Amino acid sequence: MSAIPTTFRVKSFGCQMNVYDGERMGELLSAEGMIAAPDGDDADLVVLNTCHIREKAADKAYSDVGRLTREDGSRPMIALAGCVAQAEGPEAKRRSKMIDLVVGPQAYHRLPEMIAAAARGERPVDTDMPAISKFDALPVRRRTGPSAFLTVQEGCDKFCTYCVVPYTRGAEISRPFADILTEAAVLVEGGAREITLLGQNVNAWTGGLDKLIRAIARIDGLERIRYTTSHPADMTPELIAAHGEVEQLMPYLHLPVQSGSNRILKAMNRSHSVDSYLRTIEQVRAARPDIAISGDFIVGFPGETDEDFTDTLAIVDAVGYASAYSFKYSPRPGTPAATMEGAVDPQVMDDRLQRLQARLAEHSLAFNRATIGKDTRILVDRKGRLPGQMIGKSPWLQSIFVTTDAVIGDMVDVNVTHALPNSLGGELTVQKVAA
Ligand code: SAH
Ligand code: SF4
Ligand code: F3S
């Protein structure tokens with residue numbers, strides 16, 4: 001390689017924690033004097049911030065690397081970051097000669113020195129999980145914008161038998177209260193009206209997530225707080241109570257269940273049962289009756305029978321999810337489930353996924369339809385395709401289209417006029433614009 005890059009691009013895949021990490025890598029590179037390449041422009045450095053959650057993730061990352069060759073045969077400096085980098089380590093350099101440096105999710109504060117080494121022709125690899133938190137080494141947030149992510153907890157000690165996250169992100173760690181509060185205040189100063197607290201198990205934040213939420217709610221100018229992803233076993237009574245008491249805490253809870261069969265939940269090592277999960281939902285709804293529940297599902301886990309799958313459809317009906325993500329089971333090397341017997345036939349898996357998604361879509365549509373006629377407030381976060389059309393999020397995280405001269409970051413009061421079947425919400429009429 002040659003000179004230190006002057007322009008960069010960070011491409012993030014996977015979960016919101018990765019999006020957050022991607023932003024912080026960008027801010028770090030900017031603080032070093034590099035410039036973010038505008039969309040469509042060539043960059044001297046490309047950081048691929050990868051996800052390893054499902055099969056072929058590594059293959060996809062390598063083909064993304066391959067595609068970075070330019071028409072004249074040259075290429076940018078290439079950094080492999082994120083969970084594939086963590087999982088592959090030095091192996092990544094053997095699999096692709098184009099990769100100049102490999103940096104894991106807990107080591108990216110060292111990017112500047114690694115880039116300098118790569119410019120000298122070295123190919124540094126850092127997948128350490130250092131005791132000193134990367135957060136201490138990163139520059140102050142520079143991000144501006146109405147809706148911001150803030151990672152408060154990282155890693156996972158749950159070891160669900162299908163999941164790579166405990167291996168790629170390491171053990172659970174919680175950031176200190178004061179650091180989080182400082183970062184939240186900086187984000188609000190930068191224009192954030194909404195903050196989403198992030199963690200692989202955000203509700204396992206050691207200081208009590210409810211206390212953190214109550215403290216952040218006192219920041220002047222912050223109107224909305226969300227958090228994700230929660231584990232059902234860590235929904236404390238205090239956190240549930242906060243849903244009924246903290247005005248800024250939005251009525252939305254992402255609470256993955258994965259399966260509606262106790263037998264499968266046990267094989268997944270989920271540490272919650274169908275009953276305990278439903279009880280938690282009941283308590284959350286008692287605290288906040290209008291709350292939107294969303295979830296994650298896996299179909300075709302090893303040994304899943306038709307009966308198990310029917311139980312999954314039953315829990316979908318029992319909860320009535322406002323939205324959900326559903327996946328076919330994907331064996332991940334090194335996880336306990338990868339060597340379990342009873343692989344489900346791919347066609348059966350396809351069929352179950354289709355049936356599950358159809359059922360989930362019915363519930364999303366029902367949830368969205370129930371908001372027709374209601375007055376609500378949206379936080380405008382992007383432009384629509386039609387002239388004058390803007391899209392904003394309702395408190396229940398629905399995307400609502402509206403014709404308005406409001407700009408991104410405004411909060412607009414709207415009346416819901418229709419709902420679309422794909423759960424994206426409908427077109428609305430403006431009633432008044434909030435001051
Ligand atoms: N920490 C969160 C989310 C982790 S990953 C939680 O506990 O739920 C996001 C989702 O990906 C999971 O909820 C699960 O539904 C899905 N997932 C994880 N590993 C998977 C695998 N091996 N195959 C299919 N889906 C998987
Ligand atoms: Fe993965 Fe389970 Fe941890 Fe979620 S709780 S990150 S699914 S191991
Ligand atoms: Fe993917 Fe890593 Fe997130 S594997 S889902 S980017 S924690």
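Here the structure is a predicted model, which is why all the values come from computation and not from measurement. Only heavy atoms go into these numbers, but all of them, side chains included; no hydrogens, no water, no symmetry mates. We count ligands from 1, going down the list as the structure has it; atoms in each ligand are counted the same way. Residue numbers start at 1 and run along the sequence shown.
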Can you tell me which portion of Phe159 lies within the under-4.0 Å heavy-atom range of ligand 2? Options are side chain, backbone, both, or neither.
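The backbone, only.
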Which one holds for Pro256 and ligand 2: side chain close, backbone close, both close, or neither close, with close meaning a heavy atom under 4.0 Å?
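The answer is neither.
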Non-hydrogen atoms of [X] and [Y] that approach each other most closely:
| X | Y | result |
| --- | --- | --- |
| Ile99 | Ala92 | CD1-O, 3.8 Å |
| Ile298 | Lys328 | CG2-C, 4.5 Å |
| Val257 | Tyr321 | CG1-OH, 3.4 Å |
| Thr127 | Gly89 | CG2-CA, 4.2 Å |
| Leu28 | Pro112 | CD2-CD, 3.7 Å |

Salt-bridge test for [X] and [Y]: reply yes if a basic N is under 4.0 Å from a carboxylate O, no otherwise.
| X | Y | answer |
| --- | --- | --- |
| Arg95 | Asp59 | yes |
| Asp275 | Arg279 | no |
| Arg141 | Glu23 | yes |
| Arg67 | Asp64 | yes |
| Asp290 | Arg288 | yes |
| Glu304 | Arg352 | yes |
| Arg175 | Glu154 | no |

Top protein contact for [atom], by heavy-atom distance:
| atom | result |
| --- | --- |
| atom 5 (S) of ligand 1 | Ile53 CD1, 3.5 Å |
| atom 1 (N) of ligand 1 | Gln200 O, 2.8 Å |
| atom 4 (Fe) of ligand 2 | Arg270 NH1, 4.3 Å |
| atom 23 (N) of ligand 1 | Ser330 N, 3.0 Å |
| atom 2 (C) of ligand 1 | Thr229 CG2, 3.5 Å |
| atom 8 (O) of ligand 1 | Pro256 CG, 3.2 Å |
| atom 24 (C) of ligand 1 | Lys328 O, 3.3 Å |

Need the ligand 1 atom indices (1-based, order shown) with element for anything under 4.0 Å from a heavy-atom of Arg332.
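So the atoms of ligand 1 that pass are 22 (N).
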Atom indices of ligand 1, in the order listed, that fall short of 4.0 Å to a heavy atom of Phe327:
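The atoms of ligand 1 under 4.0 Å from a heavy atom of Phe327 are 10 (C), 11 (O), 15 (O), 16 (C), 25 (N).
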Aromatic rings His254 and Tyr325: how do their planes relate, parallel, tilted or perpendicular, breaks at 30° and 60°?
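Taking Tyr325 first and then His254, their aromatic rings stand perpendicular (interplane angle over 60°).
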Report yes if some N/O of [X] lies less than 3.5 Å from some N/O of ligand 1; otherwise report no.
| X | result |
| --- | --- |
| Gln258 | yes |
| Asn201 | no |
| Tyr162 | yes |
| His231 | no |

Who gets closest to atom 16 (C) of ligand 1 by heavy atom: Arg54, His52, Met17, Lys158?
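Nearest option to atom 16 (C) of ligand 1, by heavy atoms: Arg54.
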Which option wins on minimum heavy-atom distance to atom 10 (C) of ligand 1: Ile298, Asp296, Leu255?
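It is Asp296 whose heavy atom sits nearest to atom 10 (C) of ligand 1.
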What atoms of ligand 2 come within less than 4.0 Å of a heavy atom belonging to [X]?
| X | value |
| --- | --- |
| His231 | 5 (S) |
| Tyr162 | 7 (S) |
| Lys158 | 3 (Fe), 5 (S) |
| Pro166 | 8 (S) |
| Cys163 | 1 (Fe), 6 (S), 7 (S), 8 (S) |
| Cys160 | 2 (Fe), 5 (S), 7 (S), 8 (S) |

Closer than 2.8 Å to atom 3 (Fe) of ligand 2, do we get an N, O or S atom from Cys156, backbone or side chain?
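Yes.
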If we only consider heavy atoms of Arg270, is any one of them less than 4.0 Å away from an atom in ligand 1?
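Checking ligand 1 against Arg270, which is what was asked, there is a heavy-atom contact under 4.0 Å.
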How many N, O or S atoms of the protein are nearer than 2.8 Å to atom 2 (Fe) of ligand 3?
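Considering protein N, O and S only, atom 2 (Fe) of ligand 3 has 1 within range.
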Atoms of ligand 3, numbered as shown, that sit under 4.0 Å from any heavy atom of Gln200
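Once the distances to Gln200 are compared, the set is 7 (S).
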Heavy-atom count around [X] [atom1] within 6.0 Å, excluding the residue itself: above 12?
| X | atom1 | value |
| --- | --- | --- |
| Arg385 | CZ | no |
| Arg369 | CZ | no |
| Lys11 | NZ | no |

Report yes if some heavy atom in the side chain of Phe149 is under 4.5 Å from a heavy atom in the side chain of Leu187; otherwise report no.
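No. Closest side-chain heavy atoms not under 4.5 Å.
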Can you name the one residue among Phe309, Phe297, Phe301 that meets ring-ring contact (aromatic ring centres under 6.0 Å, His included) with Tyr329?
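Of Phe309, Phe297, Phe301, ring-ring contact (aromatic ring centres under 6.0 Å, His included) with Tyr329 is met by Phe301 alone.
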Ring-face cation of Lys60 near Phe13 (centre distance under 6.0 Å, axis angle within 45°)
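Yes - Lys60 lies over the ring of Phe13, closer than 6.0 Å to its centre and within 45° of its axis.
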Would you say Arg169 contacts ligand 2, with heavy atoms under 4.0 Å as the rule?
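Arg169 does not count as a contact of ligand 2 under the 4.0 Å cut-off.
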